[in-house]
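Okay, so here's the structure we're looking at.
In listed order, ligands and their atoms are each counted from 1. Only heavy atoms go into these numbers, but all of them, side chains included; no hydrogens, no water, no symmetry mates.
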Amino acid sequence: MRDVDGAVANHDGNREVPLGRRQAVGRLGGLAVVAALGCHGVRRVDLPADDASAAPPPAPDASIRRVLGYAALASSAHNSQPWRVRRESADRLVLLRDVMRRLPAVDPADRELMLSLGAFLENLAQAGAALGLPCDIVPVEGETDEVATIHLGAAAPGPTARRTLDAISRRRILRSGYRDEAIAPDHVAAMLASAGEARFYARGSREWSLLRDGTIAANRLQAARDDAQRELASWIRWRDDEVRTKRDGLTPESLEIGGVAGWWVRRRYTSASVMSPAFRKRGVETAERQASAGGGWLVLTGSGSTRASLLDAGRRYERLLLSLRGLGIAAHPMTQILEEAETRRGLEASLGVSETIQFLLRVGYVERYPEPVSVRRPIDWFLV
Ligand SMILES: Cc1cc2nc3c(=O)[nH]c(=O)nc-3n(C[C@H](O)[C@H](O)[C@H](O)COP(=O)(O)O)c2cc1C
């Protein structure tokens, strides 16, 4: 059982669940009762990987489906999974943005949506190469819903296929359990190599403090915004049946609310809980703790805000994430500093960076590296 000290939740938007362990245990009459009732909710492993019950024509062949299944395991903001895929022919796919999955309150310009689609494309490319379907990806600029065209080639499966697919399947974001330990220089070099254009700011440096303080300030600002809080509430799936039917968003499991606290929130929490002052306050406190933990911050840079640049940053972000488990390092994007105008302004100048900052995440060695639990929609739900 994890996070049994109650009040544990930490997640996108970094709101924390205002629930004390003693309070919950008292009400339940002890852990034995909880064990009897089941300590955890719905995890990825509890769901069928590919629900083929409603396959629309033309049904892609099995290998394209496999590649799409891996692509969909990508990281996305609030686990919104803002992708749709149109299959135009046997060797041509089009990636579309799903405008119903936008986050207008925290991401009005679809910046993070594009980063999420970039992450999807990286998984697609890596899984495609591993499974003998190399992908030639071309971004589409403009205001169209079409975001990239994908030409599928044919080749022998990559020599490291098993390792690649394993890395994609086991990748996850972790938000708690970071050690305040310096990251070894060879690990820093490996992370920077995966992330491409990027900077690493070690714990204790001036820039590290600046990002920590800016993140905390941004979380305070965002917690006070009803629109951002409402949007967050709309992406949290407190109930198990909602997790099963929607298969997206943030769940108690992915928010790392385990044990008694998890049992409690799955039964009692609603969107209204997320709007309460207590929930917002605890969220800021969690963000303070999180932003102060770990070995450093990684900042991914790029050139401006074209789709190509954002998709590229999203791809590098996912590539970085895929490389981390092997190093024993976990990553936690904390993007509020880029979402709030007041903390966003002048960030490059304060860090002495001449390029555009596209993404930032804290990284660190962790005590435990659990398997992924976030859920995904089946392929047929995003294939049009
Ligand atoms: C553009 C983008 C922004 C994100 N911002 C945050 C964030 O601010 N806080 C956070 O805890 N996670 C953030 N995430 C991580 C997602 O919440 C996470 O990928 C999603 O819930 C799925 O979980 P998984 O990556 O473990 O599969 C972000 C991810 C992306 C792609």
Side-chain angles (χ1 to χ4, degrees), residues 9-16 43-45 47 70-83 97 101-103 105-107 109-123 167-176 178 211 214-216 218-219 222-223 228 231-232 235-237 243 247-257 283 286-287 289-291 293-294 297-298 300 302 310-311 313-322 324-325 330-340 343 357-363 366 369-377:
N10 40 47
H11 50 78
D12 275 28
N14 305 299
R15 313 292 171 252
E16 181 173 90
R43 300 174 178 178
R44 189 181 297 169
V45 72
L47 299 170
Y70 283 108
L73 296 180
S75 168
S76 65
H78 285 1
N79 196 22
S80 53
Q81 306 171 38
W83 41 75
R97 67 176 171 186
R101 296 179 168 272
R102 297 182 64 237
L103 305 173
V106 297
D107 185 32
D110 285 355
R111 233 184 53 79
E112 296 190 17
L113 184 145
M114 286 302 150
L115 291 167
S116 304
L117 293 181
F120 178 95
L121 286 173
E122 180 62 20
N123 272 9
I168 294 175
S169 307
R170 299 187 69 206
R171 183 209 60 77
R172 66 164 295 165
I173 296 301
L174 260 179
R175 299 175 175 94
S176 56
Y178 284 69
L211 289 169
T215 298
I216 295 168
N219 272 273
Q222 206 164 87
E231 186 169 271
L232 171 66
W235 283 101
I236 302 183
R237 314 286 175 232
V243 178
R247 298 182 59 154
D248 61 6
L250 303 158
T251 65
E253 300 304 305
S254 73
L255 299 176
E256 299 168 41
I257 313 175
T286 301
R289 275 199 305 280
Q290 291 175 337
W297 288 91
L298 263 171
L300 273 67
L310 289 166
L311 292 176
R315 288 192 65 170
R316 290 184 284 120
Y317 159 71
E318 183 74 8
R319 196 176 307 151
L320 165 75
L321 295 182
L322 293 175
L324 292 180
R325 190 182 273 271
H332 179 199
M334 293 186 86
T335 46
Q336 294 71 29
I337 201 170
L338 298 173
E339 292 162 358
E340 297 301 313
T343 48
I357 293 177
Q358 305 287 35
F359 212 130
L360 63 149
L361 49 155
R362 69 187 175 101
V363 289
V366 282
Y369 216 133
E371 295 303 313
V373 291
S374 64
V375 295
R376 291 297 185 281
R377 292 174 304 143

In ligand 1, which numbered atoms sit nearer than 4.0 Å to a non-hydrogen atom of [X]?
X    : value
L250 : 21 (O)
Y317 : 29 (C), 31 (C)
S116 : 31 (C)

Taking distance alone, with no angle check, do [X] and ligand 1 share an N/O pair under 3.5 Å?
X    : answer
L73  : no
P333 : yes
T335 : yes

Under 4.0 Å, heavy atoms only, figure out whether ligand 1 is touched by the backbone of [X], its side chain, both or neither.
X    : result
R376 : side chain
S76  : backbone
H332 : side chain
Q290 : neither

Just say parallel, tilted or perpendicular for the rings of H332 and Y178, cut-offs at 30° and 60°.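 H332 and Y178: tilted rings.
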Work out whether the distance between some heavy atom of [X] and some atom of ligand 1 is less than 4.0 Å.
X    : value
P372 : no
R362 : no
R111 : no

For A313, what residues pass the side chain to side chain contact (heavy atoms under 4.5 Å, CB included) criterion, not counting sequence neighbours?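 Partners of A313 under the side chain to side chain contact (heavy atoms under 4.5 Å, CB included) test: L115, R316, Q358.
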Student check: side-chain heavy atoms of [X] and [Y] closer than 4.5 Å:
X    : Y    : result
D248 : R101 : yes
I337 : I357 : no
L113 : L310 : no

Proximity winner for atom 25 (O) of ligand 1, if only heavy atoms of R172, R44, R171 are counted: R171
Is a salt bridge present between R44 and E253, judged by a nitrogen-to-oxygen distance below 4.0 Å?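 Here R44 does not pair with E253 in a salt bridge, since their nearest N and O are not under 4.0 Å apart.
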